[in-house]
Amino acid sequence: MAGTAVRGRLNTWLTATVGTVIEETARARTLRLEVPGWAGHRAGQHVDIRLTAEDGYQAERAYSIASAPGEPLAITVELVDDGEVSPWLTREARPGDLMEVRGPIGGYFVWEPGLGAPLLLAAGGSGVVPLRSVLRGRSRAGSTVPVRLLYSSRSLDDVIYRAELDAAPAGVEVIHALTRSQPPGWAGYARRVDKRMLAEVAWPAAPGDGASEPLAYVCGPTSFVETAAAALVDLGYPPVRVRTERFGASGR
Ligand SMILES: Cc1cc2nc3c(=O)[nH]c(=O)nc-3n(C[C@H](O)[C@H](O)[C@H](O)COP(=O)(O)OP(=O)(O)OC[C@H]3O[C@@H](n4cnc5c(N)ncnc54)[C@H](O)[C@@H]3O)c2cc1C
């Protein structure tokens, strides 16, 4: 994509029509958006969504792109109980509803098949959304780069894309941490992500190994991202090899 074309689109609001709606969990759903004029996106990017009420009141929020490059645009939204925008997107939006979308946005929290490095993906809650785009993008590109996804959720029922992650392709390991409740017999992690957990799960840091040096993508509520990114740096990951995306406040 030419840089000028991307810059031009960033300020342009496009009309999006809600297509298929997929209930991912009791609190999260994926909305496929039909956007005439959408020029495509890269894995890890996000969009701004703008809603307009009948009285003209507008609200705008950022949402990561859930679909792979080459797939139609999709977002996955998790309900924030006292929120303004997410309750409408997760409870009210129906196929045929209209909203506006601006993007794609982001050039740093982006994955390209040519990067080559083993990937450590760390997600807290809906932070898994852009990482799902990375996983799907990896498959579509035929990449065999090894991936470990460490995914923190409150409970098994809160795991977004659970069936898809259970069927992860060769070379992709998914490690769950369930912070609030665990099913009977759960043998996995049952606490928040911390340095000890990352020491067990993450690829060993290999500073100076060039393109084969592990690359980390950390995404979720701000507190989750700061804890996980600091732990990776403590474990020897150079800060430039830890890419972060913060979703904002959370009681998680
Ligand atoms: C780059 C980027 C990408 C994002 N991608 C996604 C995504 O893929 N899926 C997704 O569900 N959300 C995502 N978010 C968060 C999203 O933009 C909204 O902040 C979220 O949906 C809450 O909006 P709201 O209008 O419902 O709540 P608001 O009315 O904005 O907030 C209501 C209350 O919830 C708290 N709050 C705000 N944001 C969050 C949050 N993220 N988690 C918990 N509490 C919060 C506020 O402090 C406030 O107390 C992303 C944010 C950023 C910056």
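Order of listing sets the numbers, starting from 1, for every ligand and every atom in it. In this chain, numbering begins with 1 at the start of the sequence shown.
Although no hydrogens or angles enter the test, the distance criterion places a donor-acceptor pair under 3.5 Å between the side chain of Ser67 and the main chain of Ala74.
For Tyr151, the ring-ring contact (aromatic ring centres under 6.0 Å, His included) test picks out His176, with sequence neighbours left out. Shown here are the side chain to side chain donor-acceptor pair (under 3.5 Å) partners of Arg241, two or more places apart in sequence or in another chain: there are none.
On a distance-only criterion, Ser86 and ligand 1 share at least one N/O pair closer than 3.5 Å. Taking any N or O of Pro87, backbone or side chain, none lies under 3.5 Å from an N or O belonging to ligand 1.
Interface atoms of ligand 1 facing Ser64, defined by a heavy-atom separation under 4.0 Å, are 3 (C), 4 (C), 5 (N), 6 (C), 7 (C), 8 (O). Taking every heavy atom of Arg246 and a limit of under 4.0 angstrom, the matching atoms of ligand 1 come to 52 (C), 53 (C). Near Val129, the atoms of ligand 1 lying under 4.0 angstrom from a non-hydrogen atom of the residue are 8 (O). Listed by atom number, the atoms of ligand 1 under 4.0 Å from Val85 heavy atoms are 24 (P), 25 (O), 26 (O).
Annotation: cation-pi pair Arg50/Trp13 present, NZ/CZ under 6.0 Å from the ring centroid and within 45° of its normal. Remark: Arg148 is positioned above the aromatic ring of Trp203, its terminal NZ or CZ atom under 6.0 angstrom from the ring centre and at most 45 degrees off the axis.
The residue among Arg132, Arg61, Glu84 with a heavy atom at the shortest distance from atom 23 (O) of ligand 1 is Arg61.
If you look at Thr76 next to ligand 1, the close heavy atoms, those under 4.0 Å, all belong to the backbone.
Ligand 1 has no atom lying under 4.0 Å from any heavy atom of Gly248.
Donor-acceptor pairing under 3.5 Å is recorded for the side chains of Tyr57 and Glu84.
For the side chain to side chain donor-acceptor pair (under 3.5 Å) test with Glu24, the passing option among Thr90, Thr76, Thr30 is Thr30; the others fail.
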